[in-house]
Amino acid sequence: MEKQIDLIVKHGIPVVSSRTVADVFEKEHEDVLKSIDTLIRAAKNLVDLNVWFIESREMDSRGRAQKIYYMTRGGFSLLAMEFTGKKAMQLKAAFIERFKEKEF
């Protein structure tokens with residue numbers, strides 16, 4: 001069964017959560033967060049990635065605020081460049097199609 005690619009709209013822009021990306025690509029959420037943090041640090045003073053990666057907090061099942069990122073199509077595309085393999089290619093294309101659907 002395919003996992004659902006859930007996009008939401010924030011401030012009129014479709015975004016996907018780092019948790020959704022971790023779930024669909026079968027990665028640990030912590031590893032996805034580390035990858036995003038690494039991208040943001042690497043781009044410091046070169047490109048402002050804060051428009052592509054929006055840091056937020058969500059409550060977990062124990063009522064604790066947990067870090068999460070919401071990313072635009074650009075942010076997702078930048079992050080997904082590091083995901084490789086046939087399955088990753090199919091999932092990246094599916095995500096991009098979902099973004100296109102929400103953008104129009």
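As the structure is a prediction and not an experimental result, all values here were calculated from the model. Residue numbers count from 1 along this sequence.
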In terms of hydrophobic clustering (I, L, V, M, F, W, Y; side-chain heavy atoms under 4.5 Å; direct or indirect links), are Met89 and Leu79 co-clustered? no
Do any pairs count as a ring pair (Phe, Tyr, Trp, His ring centres under 6.0 Å) and have a residue in residues 32-83, sequence neighbours left out, and if so which ones? Phe25-Phe83, Phe76-Phe95
Interatomic distance, Ser18 atom OG to Lys34 atom NZ [nearest 0.5 angstrom]: 13.5 Å
State whether Lys67 and Glu58 are salt-bridged, where the test is any N-O pair (Lys NZ or Arg NE/NH1/NH2 against Asp/Glu carboxylate O) under 4.0 Å. no
Using a distance-only test with no angle check, is there a side-chain donor-acceptor pair under 3.5 angstrom linking Ser35 and Thr38? no
Note, Met71 side chain near Val21 side chain (heavy atom, < 4.5 Å): yes
Check for me, please, whether Leu7 and Leu78 land in the same ILVMFWY cluster - side-chain distances under 4.5 Å, paths through other members count. yes
Between CD on residue Glu30 and CD on residue Gln66, distance to nearest 0.5 Å: 10.0 Å
Where do Lys10 and Ile54 land on the side-chain contact (heavy atoms from CB on, under 4.5 Å) test, with the steps shown first? CA-CA 10 Å; Lys10 285 192 173 275; Ile54 302 132; 5.7 Å; no
Does the Arg98 side chain pair with the main chain of Ile5, one donor and one acceptor, at a distance under 3.5 Å? yes
How would you list, by chain and number, every residue that makes a side chain to side chain contact (heavy atoms under 4.5 Å, CB included) with Ala42, sequence neighbours excluded? none
Does any non-hydrogen side-chain atom of Arg64 lie less than 4.5 Å from one of Met59? no
If hydrophobic clusters are built by linking Ile, Leu, Val, Met, Phe, Trp and Tyr wherever their side-chain heavy atoms come under 4.5 Å apart, do Ile68 and Val32 end up in the same one? no
Determine, step by step, whether Lys87 and Glu26 satisfy the side-chain contact (heavy atoms from CB on, under 4.5 Å) criterion, reporting the C-alpha distance in whole Å, the side-chain angles of both residues, the deciding distance to 0.1 Å, and the verdict. CA-CA 11 Å; Lys87 184 176 179 182; Glu26 299 177 348; 3.3 Å; yes
